[in-house]
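Naming convention: chains lettered A, B, ... in sequence-line order (proteins, then strands); numbering from 1 in each chain. All values below come from the heavy atoms of this structure, side chains included, with hydrogens, waters and symmetry mates left out. This is a predicted model, so every value here is computed, not measured.
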2 protein chains.
Amino acid sequence: METTGMQWIKVALVEDDARVRGHLAKLIDDAPGYACVCQCGTAEEALVKIPAAAPDVVLMDIHLPNRSGIECAFRLRTALPALRILILTVYQDADVIFKALQAGASGYLLKRTSPAELLQAIAEVLRGGAPMTSEVARRVVESFRVRAPQPGAAAELSRREQEILELLARGYVNKEIGERLSIGVETVRTHLKHIYDKLHVSSRTEAVAKHLGIGLDRMRMG
Amino acid sequence: METTGMQWIKVALVEDDARVRGHLAKLIDDAPGYACVCQCGTAEEALVKIPAAAPDVVLMDIHLPNRSGIECAFRLRTALPALRILILTVYQDADVIFKALQAGASGYLLKRTSPAELLQAIAEVLRGGAPMTSEVARRVVESFRVRAPQPGAAAELSRREQEILELLARGYVNKEIGERLSIGVETVRTHLKHIYDKLHVSSRTEAVAKHLGIGLDRMRMG
DNA sequence: GGCGGCATCCCCCAAATGGGTGATTTTTGA
DNA sequence: TCAAAAATCACCCATTTGGGGGATGCCGCC
């Protein structure tokens, strides 16, 4: 209720499906205090039109022709650090979620979000919050969890083997590991063979991946 | 109430301030469908009484005499994996938040949360969600943010190079990477050389360590 | 005493890797 | 439009790595 028009929340859309885009635009324009100032069907379009339109918030789809919405989000955030980006997508892959947040998204909603929740989320993100659909929040929180060592894994490694695995994970080559532990390279190699056996892997990189708790995620994105 | 009684949500409290504890207990018991089945003033008490009381959710304070609520949360989760733990505290430092989530907390609320929101959060966490106060959510989301390209350190990898680094981190050898991306092994090698140049490393394991390193700094606790 | 696990070292060999150089085509960006 | 960057592939060569042996000494444990 200030004196200028700045109290309007200016929203931009990046969504390749024209029907969905039109539907969202109408939803936003019909809501009091909200205005849809920019509609884009591709990432390229967004990178040109959004800086000009200067919205407060962008609703960003992830599945776009050519570039993904994640890359688009990253470029927009780099160019316009004050811009808030809300992902609005069907993807609930942990991998996709993390990449989007890494790229600078401030929130992550699934497309089944109701119109009322969507408008609330837009307001919330401008208040400095981080609106997320509950599944997304759960995955995010779970990503922090410290993995308990399972019986078949690293718990079985001897003390020396664990030391060597630590150094492996820091990227040292066998010679450097030997120097640091004051043992010969051949000994390091022997320990490595035992580590591989116990972890059921066959290369140092695989061992490190397992050690750092990666391994099991099978996902991807365009 | 053998089989039908199970629809009650059983809540336990761990909170050293007796007044606050009593207040919370009353709030929960007064709410239809909720029952406070256990009240604890210390972590030690919680570790004994909570397994016996078998609640669905624990509301956990962080500031406790002797041990912290974070350690208590970790021990409870280890003993009772199905138990959901909701942190309810005044601390909103990023460090405390992350440690609590690492310890296995499923949600994190600040004490200024209203009674209605608190009851909602309890229900939400049992639906598999991860209720967080908006400031907490913001900090969590920001923790994912990738550092802006620094002058000298973070060289930017091309899209293909990032894909290859992803596969590296999963422990694939060059031939497998080539197959997965439908390119020749020589091309993979070329990309790897570029990655090493840009990251200032000289082996795949080092590259993976660097790539996963930022994640580690974020996740690792002292 | 013997047995197994651990730590230490040695050798051989095939495969994978890293590093250099060069080349073509497509995509991108200015 | 035009230069830069990215993506693709090729060849050579020294080093590293993985996997297979085998050997020695130490320690804890039944």
Side-chain angles (χ1 to χ4, degrees), chain A residues 42-52 64-68 71-72 74-76 78-79 154-211 222, chain B residues 149 155-211:
Chain A
T42 68
E44 291 77 6
E45 200 182 334
L47 292 172
V48 172
K49 285 168 67 179
I50 287 182
L64 297 174
N66 286 329
R67 304 156 183 268
S68 83
E71 183 183 341
C72 184
F74 183 74
R75 287 170 186 265
L76 284 175
T78 305
E156 306 284 348
L157 294 184
S158 77
R159 180 160 219 86
R160 202 48 151 179
E161 287 161 354
Q162 287 181 43
E163 284 178 347
I164 288 181
L165 187 49
E166 270 305 314
L167 295 175
L168 259 201
R170 296 182 193 280
Y172 293 110
V173 296
N174 294 348
K175 199 170 103 180
E176 295 168 329
I177 294 175
E179 285 165 2
R180 244 152 246 268
L181 298 179
S182 302
I183 59 177
V185 181
E186 286 303 326
T187 308
V188 175
R189 281 160 55 76
T190 303
H191 284 309
L192 278 182
K193 292 169 191 175
H194 295 158
I195 292 173
Y196 297 158
D197 273 352
K198 291 179 179 177
L199 296 185
H200 307 297
V201 299
S202 57
S203 77
R204 57 214 289 117
T205 314
E206 239 183 309
V208 168
K210 199 154 224 171
H211 176 239
Chain B
E156 198 172 320
L157 295 184
S158 78
R159 166 180 273 205
R160 200 52 147 179
E161 287 160 357
Q162 289 180 44
E163 284 179 347
I164 289 183
L165 187 49
E166 281 297 322
L167 296 175
L168 258 202
R170 302 204 192 290
Y172 293 111
V173 295
N174 294 346
K175 197 173 111 182
E176 294 170 327
I177 294 175
E179 283 165 3
R180 244 153 246 271
L181 298 179
S182 303
I183 58 178
V185 75
E186 285 300 330
T187 308
V188 175
R189 281 160 55 77
T190 302
H191 284 307
L192 278 182
K193 291 166 192 175
H194 294 157
I195 291 173
Y196 297 159
D197 274 352
K198 291 180 179 177
L199 296 184
H200 305 297
V201 300
S202 56
S203 78
R204 52 182 49 230
T205 313
E206 235 181 314
V208 169
K210 201 154 223 169
H211 176 235

Restricting both atoms to N or O, compile the protein contacts to nucleotides 1-4 of chain D shorter than 3.5 Å, with distance only.
none

Next item on the list: Please state how far atom CD1 in Ile177(A) lies from atom P in dG18(D), giving the value in whole angstrom units.
Entry: 10 Å
Notebook entry, point to check: Between atom CD in Gln162(B) and atom C1' in dA5(D), what is the gap in whole Å?
Noted result: 15 Å
Checklist line | Separation of atom NE2 in His200(B) from atom P in dG18(C), rounded to whole Å | finding: 17 Å
Notebook entry, point to check: Over how many whole Å does the gap from Arg204(A) atom CZ to dG18(C) atom C1' extend?
Noted result: 13 Å
Margin query: Can you measure Asp197(A) atom CG to dG18(D) atom C1' for me and round it to whole angstrom units?
Written below: 11 Å
Margin query: Please report the interatomic distance CD1(Ile164(B)) to CD1(Ile183(B)), rounded to the nearest 0.5 Å.
Written below: 4.5 Å
Check: Which heavy-atom pair separates Glu206(A) from Arg170(B) by the least distance, and what is that distance?
Finding: CG-O, 4.3 Å
Check: Side chains of Leu167(A) and Leu181(A): does their closest heavy-atom pair fall under 4.5 Å?
Finding: yes
Item checked: Salt-bridge contact Glu176(B)-Arg180(B) (side-chain N to carboxylate O under 4.0 Å) -> no
Check: the helix from dG1(C)-dC30(D) to dA30(C)-dT1(D): angle between its terminal axes, five pairs each, to 10°?
Finding: 60°
Margin query: Is any side-chain heavy atom of Glu166(B) closer than 4.5 Å to one of Glu163(B)?
Written below: no
Checklist line | Reported CZ-to-OG1 distance for the pair Arg160(B) and Thr190(B), which is rounded to 0.5 angstrom | finding: 12.5 Å
Notebook entry, point to check: What is the distance from CG of Leu199(A) to C1' of dG18(D), rounded to the nearest Å?
Noted result: 15 Å
Check: Within the pair Tyr196(B) and dG19(C), is there a side-chain N or O less than 4.0 Å away from OP1 or OP2?
Finding: no
Next item on the list: Could you pull out the closest heavy-atom pair between Ala207(B) and Tyr196(B), with the gap in Å?
Entry: CB-CE2, 4.1 Å
Note to self: Can you measure Leu168(A) atom CG to dT16(D) atom P for me and round it to whole angstrom units?
What the structure shows: 15 Å
Check: Hey, what do you get for CD1 (Ile177(A)) to NE2 (His191(A)), rounding to the nearest 0.5 Å?
Finding: 10.5 Å
Margin query: side-chain contact (heavy atoms from CB on, under 4.5 Å) for Leu168(A) and Ile195(A)? Distances and angles first, verdict last.
Written below: CA-CA 11 Å; Leu168(A) 259 201; Ile195(A) 292 173; 5.6 Å; no
Margin query: Strictly under 4.0 angstrom, non-hydrogen atoms only: write out the protein contact profile of nucleotides 4-11 of chain C, one letter per nucleotide from the 5' end, B, S or -.
Written below: --SSBBBB
Notebook entry, point to check: Looking only at heavy atoms, what is the nearest atom pair of Val173(A) and Arg204(A), with distance?
Noted result: CA-NH2, 3.6 Å
Next item on the list: Using heavy atoms to find the nearest nucleotide of DNA chain C for Leu192(B) and Arg75(A) separately, return the residue whose nucleotide is more 5′.
Entry: Leu192(B)
Note to self: Quick check: on DNA chain C, is the nucleotide nearest Glu71(A) upstream (toward 5') of the one nearest Val201(B), or the reverse? Name the residue that is more 5'.
What the structure shows: Val201(B)
Check: Looking at Leu47(A) and Cys72(A), what are the two nearest heavy atoms and their distance?
Finding: CD2-O, 4.1 Å
